[in-house]
Amino acid sequence: LWEVDQAGLLTHVSQRMARVFGRTEAALLKHNFLDLINATLERATPEERQAFEALHACFAARVPFRDVLVPILLDGDTRWWSLTAKPLLDDRAALIGWRGVGTDVTVSLAAQREVTRLAHFDGLTGLANRNRFQEALAQIERHDAGAPRPALLLCFDLDNFKAVNDSLG
């Protein structure tokens with residue numbers, strides 16, 4: 001659980017959140033929430049940076065948001081949080097802060113990605129499977145009609161491949 005004022009400074013931090021950041025609750029108070037997250041993203045991948053920018057956009061839009069995924073890099077390990085929050089408004093509907101909750105979804109996200117990977121790649125060889133091949137062909141076919149997209153399809157035949165495939169996958 002967390003709460004920030006209109007400037008984005010933390011005004012309430014749960015014990016659990018403080019543990020995740022490796023600090024005390026008092027040490028986190030009055031720190032900018034987005035800056036704390038951004039500070040962990042020094043070596044972020046483009047995907048992680050894009051996820052952070054999506055969170056930043058949610059705050060800028062000043063509307064409630066739900067289940068926005070954001071990476072937190074701590075101790076060399078990327079943890080993914082799902083954040084949900086709503087703006088806090090005064091009696092004149094002016095923004096006075098945000099209240100939200102975060103859930104660590106790293107394990108479930110990794111499981112979901114593994115299921116997706118297994119649906120597209122052979123478990124034994126790690127090579128793209130027929131499903132991935134068909135998706136790649138469909139993507140090539142969807143190219144812009146104005147600009148042809150170069151593509152190459154190479155087919156080769158392996159002797160006795162059926163026996164190997166049937167026995168080893």
Side-chain angles (χ1 to χ4, degrees), residues 1-129 131-136 138-139 142-144:
L1 297 172
W2 52 271
E3 191 172 308
V4 297
D5 62 15
Q6 69 272 19
L9 303 178
L10 287 163
T11 57
H12 172 76
V13 178
S14 67
Q15 288 179 349
R16 194 168 184 174
M17 183 177 168
R19 268 197 314 268
V20 168
F21 277 107
R23 301 183 190 179
T24 66
E25 295 166 62
L28 287 175
L29 292 178
K30 299 300 177 192
H31 279 84
N32 185 287
F33 183 52
L34 292 176
D35 288 348
L36 278 171
I37 295 171
N38 191 38
T40 73
L41 302 178
E42 293 172 358
R43 295 181 196 95
T45 66
E47 176 195 15
E48 293 165 347
R49 180 61 55 196
Q50 186 176 8
F52 174 76
E53 294 303 328
L55 175 65
H56 196 275
C58 289
F59 277 96
R62 296 184 170 201
V63 294
F65 58 88
R66 182 172 192 77
D67 297 327
V68 174
L69 291 177
V70 63
I72 308 290
L73 278 67
L74 298 169
D75 300 326
D77 188 29
T78 301
R79 307 298 302 176
W80 285 89
W81 288 359
S82 173
L83 296 178
T84 298
K86 66 177 187 170
L88 301 174
L89 307 175
D90 65 11
D91 55 353
R92 288 183 234 126
L95 180 72
I96 58 171
W98 290 84
R99 183 176 295 141
V101 64
T103 305
D104 188 333
V105 294
T106 306
V107 174
S108 62
L109 188 61
Q112 178 184 4
R113 287 179 176 168
E114 180 63 8
V115 168
T116 301
R117 188 190 70 75
L118 289 173
H120 294 91
F121 295 91
D122 180 75
L124 180 65
T125 65
L127 298 173
N129 63 16
N131 190 25
R132 177 68 184 107
F133 174 72
Q134 289 173 339
E135 286 178 359
Q139 186 177 16
R142 285 192 302 265
H143 77 278
D144 227 359

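Predicted model, so just to flag it, every value in this text is computed and none were measured. When reading the values below, keep in mind they use all heavy atoms of this one structure, side chains included, and skip hydrogens, waters and symmetry mates.
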Examine distances only and state if a side-chain atom of Arg49 and a backbone atom of Leu41 form a donor-acceptor pair shorter than 3.5 Å. yes

Thr84 (side chain) donor-acceptor with Val101 (main chain) under 3.5 angstrom: no

Taking the side chain as C-beta and beyond, is there a heavy-atom pair between Val13 and Arg23 under 4.5 Å? no

Identify the heavy atoms of [X] and [Y] that sit nearest to each other, and give their distance.
{"X": "Ser14", "Y": "Glu25", "value": "O-CG, 4.0 Å"}
{"X": "Ser108", "Y": "Val105", "value": "OG-O, 3.1 Å"}
{"X": "Val70", "Y": "Ala51", "value": "CA-CB, 4.4 Å"}
{"X": "Arg99", "Y": "Glu3", "value": "NE-OE1, 2.8 Å"}
{"X": "Thr125", "Y": "Asp122", "value": "N-OD2, 2.7 Å"}

Rounded to the nearest 0.5 Å, how far apart are [atom1] of [X] and [atom2] of [Y]?
{"X": "Leu34", "Y": "Leu10", "atom1": "CG", "atom2": "CG", "result": "9.5 Å"}
{"X": "Leu118", "Y": "Asn131", "atom1": "CG", "atom2": "CG", "result": "12.0 Å"}
{"X": "Leu55", "Y": "Asn38", "atom1": "CG", "atom2": "CG", "result": "10.5 Å"}
{"X": "Arg16", "Y": "Leu1", "atom1": "CZ", "atom2": "CG", "result": "10.0 Å"}
{"X": "Gln6", "Y": "Leu95", "atom1": "CD", "atom2": "CG", "result": "7.0 Å"}
{"X": "Leu83", "Y": "Ile37", "atom1": "CG", "atom2": "CD1", "result": "5.5 Å"}

Test Trp98 against every option in Phe33, Phe59, Trp2 by the ring-ring contact (aromatic ring centres under 6.0 Å, His included) rule and name the one that passes. Phe59

Begin with the C-alpha distance, continue with both residues' side-chain angles, and end with the deciding distance and a verdict on side-chain contact (heavy atoms from CB on, under 4.5 Å) for Lys30 and Thr11. CA-CA 6 Å; Lys30 299 300 177 192; Thr11 57; 4.3 Å; yes

Might you confirm whether atom [atom1] of [X] has over 12 heavy atoms from other residues, nucleotides or ligands at distances under 6.0 Å?
{"X": "Arg117", "atom1": "CZ", "value": "yes"}
{"X": "Arg66", "atom1": "CZ", "value": "no"}
{"X": "Glu114", "atom1": "CD", "value": "yes"}
{"X": "Glu53", "atom1": "CD", "value": "yes"}

Run the side-chain contact (heavy atoms from CB on, under 4.5 Å) test on Val4 and Leu9 for me, step by step, so that the C-alpha distance in whole Å, both residues' side-chain angles and the decisive distance to 0.1 Å come before the verdict. CA-CA 5 Å; Val4 297; Leu9 303 178; 5.9 Å; no

Please lay out, stage by stage, how Thr78 and Glu48 fare under the test side-chain contact (heavy atoms from CB on, under 4.5 Å). CA-CA 9 Å; Thr78 301; Glu48 293 165 347; 3.3 Å; yes

Taking the inter-plane angle between the rings of Trp81 and Phe21 on a 0 to 90° scale, is it parallel (under 30°), tilted (30 to 60°) or perpendicular (over 60°)? perpendicular

